[in-house]
Structure formats: structure tokens, C-alpha cells
There are 2 protein chains.
Amino acid sequence: MDNISHTEENYLKAIFKIAEKEEGRPVNTNAISTEMKTTAASVTDMLNRLSKKELIHYEKYKGVTLTIKGGRTATRLVRKHRLWEVFLVEKLHFSWDEVHDMAEELEHIQSEELVERLYDYLGRPKFDPHGDPIPDAEGNFTFRKQAPLADLHLGEKGIVVGVQDHSAAFLQYLDRLQLSLGAQVTVIERFDYDESMKITLNGDKEHIVSKKVSQNLFVEKQ
Amino acid sequence: MDNISHTEENYLKAIFKIAEKEEGRPVNTNAISTEMKTTAASVTDMLNRLSKKELIHYEKYKGVTLTIKGGRTATRLVRKHRLWEVFLVEKLHFSWDEVHDMAEELEHIQSEELVERLYDYLGRPKFDPHGDPIPDAEGNFTFRKQAPLADLHLGEKGIVVGVQDHSAAFLQYLDRLQLSLGAQVTVIERFDYDESMKITLNGDKEHIVSKKVSQNLFVEKQ
DNA sequence: TACAATTTTTAGATTAATCTAAATAATATT
DNA sequence: AATATTATTTAGATTAATCTAAAAATTGTA
Ligand SMILES: [Mn+2]
Ligand SMILES: [Mn+2]
Ligand SMILES: [Mn+2]
Ligand SMILES: [Mn+2]
């Protein structure tokens, strides 16, 4: 009755993630099939199953939203995923571009007690290795007034606090430039031609970063 | 082709465990169905599947043995299971009677790299919280010349190194008596009547332990 | 050896999760 | 408004993992 399979959990997380971007509007079938790398027919099938379990509100052709129960399950998963990522980076010294797939499996470990002990063990972190907020045990997220680096004006300073693009390629590129979380960046020149910008890193190293990079990097203005 | 499901992994581990007790004789269907808490029919079905994947040698009505590949998979699972148990006890401070079910899930996390990093992180342990040996990355077990406490003669001393019975009830009972791994016990009296014995614990506390307890506790003679 | 008991396998169903192909509904475009 | 396009659902199959009930093989015993 109450048992939720790994697959069902992954669907709930996918719906949660899409709903976040879409600011709560009903999530449609195709968006889910893309996110889950599966067919629309499979999604429809699963939506009926999740609906019967009262994890989503679903009306044919109208898309879905999470119920309270479905939302709680999804945020629990996000909490577990991000805490395991912290563990892998902080304790086992994996780099931030290696941990996602492992966390994708670890997030399904049942025990609530385990998660909460892990949380304490890790020093009650508020953010994961990519700067994403870790919801607390009640499901509340810490919000931060962050903006893409691209939004900084000439002369403005910011601290790198997160990424939009979580791909290994982007994360490795940032490593190469030493643009890690906590780094201080200052915009010292902006090029209208291709919307790239020149920045200094911790008041020292200079870099030119492309529009794509500056749009995918979140900073907290200073 | 090469993908092994959680369920298949659990069957391999069950076969490995039974084969250990039976000293390599072919493992029969009913033994597996008991260990897996499932029906004989389901086991037969799974044996055909494992056989097709070349994880076991199987002949109808003759029982099964693990192939090299099946054996390697099983010992890797045992390694993972026991390392996670060490993690849960040493780092998250669970007690030894709480960790089995969590490890039963954690053992299925794929990444080999994760296991080896965990191994280093834990200080390359050779034994799990119940005193069971942790096979190394190549699948070799450390053997110990251990015997049930019941085998100690009057006046003999031993160090508690493991348990036969892994049930929470037994482990909690041992906790109550402070009979934990590493404790030194000396047999100071043996009662023929019910085969119980009186022991001293670390040369101090005295206890009378039943036959059942002394048979389920492993010691290393001194 | 013959019969009984036990063990194992087979047959036939069920449920979860997936797929392809076809049908239907919703939306966009002339 | 009619038609074309896109999105979604339905129909029908497949595979893994399980079950119950019945059949068959093996083992134990008189
Ligand atoms: Mn992740
Ligand atoms: Mn997952
Ligand atoms: Mn265990
Ligand atoms: Mn398991």
C-alpha cells in the first residue's frame, strides 16, 4: 500500500524538479519522459500508478502536480541525494563532477534514521557540493539571493555559490579555471561583441569567460 | 548481458552463504528458498536465470554451485555489506544489532571505486562489527583460529572475536552482559547439568552463560 | 523392490515496468 | 472553420520476479 519503488521515487523526483522550473504549473507527460529518458507511453502508465497511490494529482491530458504526500517523498529524496553527495565529496574525497550517479542510487536507501545520522555526521550542511540547498528534515529549503554571474555589472563583485549546469564537462571546466564554490569574482571588463566578460579571481588571476559560462554560474553579489 | 539485478545478487549471496556452511557441496533448492524466504518454485525459476547468465552451475535436481564469476560477485557483495556495517557502527554510531538491514540495501550500490574509497576511509578493516572477516578486493578472506566459547575447558581463557547467531536479540543480550568483541573471558566453572558455564569477564565480573550462548559466541583461545 | 515421503520442477497466473504502433485529443496554422 | 501538427493515451507485447497447485523425480523405508 505504502511501499514506493525506486522507479516510482525517481518519477516523483523528476516531477518535482520540472515543477520547480515551471513554478508549479502542471507538469506534462513529455517533459517527464524527457527527464526520465523513457517513452511517453511508459510515463502515462506510471502516472496512473502514482495517482492510484495518491502521490500525484493527475487528470488525463491536463498534466500532473504532486500531492502533499508526493511532495514530501520528493523532498526527502532530494535531501538524501544531496547529503550523500556531501558525504562522497567531504569524506571520500570524490570531486564534484563524480558524485551524481552514486547519489542517484544512495538516495533510495530507506532508513530515515540513517539520513539523520549522516546529516549530523556531516555537520548539518545547508548546501551540497554544487551549491544546491539541502532541505531540512521537514522539507524546508534555504533560499539564497543568488544571480547568474552574467548579471553582474562592470566593477561588481560576487562570491561563487552554485551552478546551473551540473554536467561533468562544465564542472571540470570550472575546476580548470579554479572557479570553485567560495571563489570571489570581480567583473573588470564586459565585451558586447559575444557577451563574454573578463573577471579577476580572488582579486588575482584574470580570466575571460564566455556567455555560456557566466550564465551557468551563480554568484551572491557583494 | 552483464547486468545483475538486486534480486539476483541476493540469491548469489544466499547460495554463497549456504555453500560456506555446507563446505562446498551443491546447494539445494529448498535451502535457498528458506534462506530467501520465498517458494521453491521461485527459486527454480531464478536458478534457470542465474544459470543462463553463467553465475551458477545448475543441473536439475542436483543442486547448484557458484561459477568463478558468480563467486566473485558474491564475495564482492559480502565485502560491501561488511564494509558498510563498519561505516554505520564506527562513523554513524549505530549499534551492532541495528546495521544489518541497512547494509542489506547498501551492498547493492554499484560503484567499485566507492567501496574501495570507503575501505580506505575506514582504515582498511579486516573484520566487521560482528567479527566476520571482510574479504579483500581480490576476494580473499582472513581466517582466524576461532572456536565456540562452549569448547573452552575449565580454566582456559579466550578473547571474544565473533558471533554465530547474528540476531538482534542475541546481540542485545550480549550488550547487556558487556560481552562485546575484544572482551576477555575465563571459564571458572562448568555445569554438566545444563551445560552452562560460569565465566569471568576481563578478570572481573562473573556471569553464568547458557549452553545456547556459549555455542553462539566465538573466542580466540589464549 | 515397492510404496511413501520429500524435494524439485512445471504449468499457469499476477504485478511492475517497460516498449512499439495505433488511436485519440489538444493545439497551431492556414 | 478546416486541416495539420503535436501531445497524450490506449492496445497489445515483453521481461523479471513472484505465487499456488499439480506433476515428476529423488530419496527413504518397510
Ligand atoms: Mn546530484
Ligand atoms: Mn535515483
Ligand atoms: Mn550483516
Ligand atoms: Mn541485499
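Letters A, B, ... are given to chains in the order of the sequence lines, protein chains preceding strands, and every chain is numbered from 1.
- Heavy-atom distances to DNA chain C give each of A/Y61 and A/S42 a nearest nucleotide, and the one nearer the 5′ end belongs to A/S42.
- Here B/Y58 reaches the OP1 or OP2 of C/dT9: one of its side-chain N or O atoms lies under 4.0 Å away.
- Checking the phosphate oxygens (OP1, OP2) of C/dT6, no side-chain nitrogen or oxygen of B/N30 falls inside 4.0 Å.
- When DNA chain D is scanned 5' to 3' for any atom under 4.0 Å from a heavy atom of chain B, the first and last hits are D/dA16 to D/dT26.
- Distance A/K62 NZ to C/dA25 C1': 11 Å, rounded to the nearest Å.
- If you take CD of A/E59 and P of C/dA25, they are 15 Å apart, rounded to a whole angstrom.
- Residue A/I208 holds its CD1 atom at 4.5 Å from CZ of A/F191, rounded to the nearest 0.5 Å.
- Place A/T38 and B/D45 on DNA chain C by their nearest nucleotides, and B/D45 ends up nearer the 5' end.
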Under 3.5 Å donor-acceptor pairs involving side-chain atoms of residues 142-153 of chain A, not counting sequence neighbours:
from, atom 1, to, atom 2, distance (Å)
A/R144, NH2, A/G131, O, 2.6
A/R144, NH2, A/Q146, OE1, 3.2
A/R144, NH2, A/V161, O, 3.2
A/K145, NZ, A/E220, OE2, 3.0
A/H153, ND1, A/E156, OE1, 3.3

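- If you measure from atom CG of A/N28 to atom C1' of C/dT27, you get 13 Å, rounded to the nearest angstrom.
- Between A/R79 and A/E138 there is no salt bridge, since no side-chain N of the basic residue sits under 4.0 Å from a carboxylate O of the acidic one.
- For residues 18-28 of chain A, the set of pairs meeting the side chain to side chain donor-acceptor pair (under 3.5 Å) definition, not counting sequence neighbours, is empty.
- Here A/T7 lies in heavy-atom contact (under 4.0 Å) with sugar-phosphate atoms only.
- Side chain of A/K62 to backbone of A/P26: no donor-acceptor contact under 3.5 angstrom is found.
- For the pair A/K91 and B/F87, the cation-pi criterion (under 6.0 Å, within 45° of the ring axis) is not fulfilled.
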